Amino acid sequence: MIGLPAGTRIWLAAGVTDMRSGFNGLASKVQTALEEDLYSGHVFVFRDAAVI
């Protein structure tokens, strides 16, 4: 279990996320779509929509 500081927000990207965009692409989504600071201390969670 990872303990998070009080007041930490957890953002879950529930839509389709293309994980091929890598770290820089996901960081760009945080900055543009969520309009949040990458270094805010919040947790940003993405899921892959791969179909098997």
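Start at 1 with the first residue, then count along the sequence. Note that this is a predicted model, so its numbers are computed, not measured.
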Could you go through residues 19-31 and list every donor-acceptor pair under 3.5 Å that involves a side-chain atom there, pairing it with any protein atom two or more places apart or in another chain?
residue, atom, partner, partner atom, Å
Arg20, NE, Asp18, OD1, 2.9
Arg20, NE, Asp18, OD2, 3.4
Arg20, NH2, Asp18, OD2, 3.1
Ser21, OG, Asp18, O, 2.9

For the CD1 atom of Ile10 and the NE2 atom of His42, what is their distance to the nearest 0.5 Å?
10.5 Å
All side chain to side chain contact (heavy atoms under 4.5 Å, CB included) counterparts of Leu12, not counting sequence neighbours
Val45
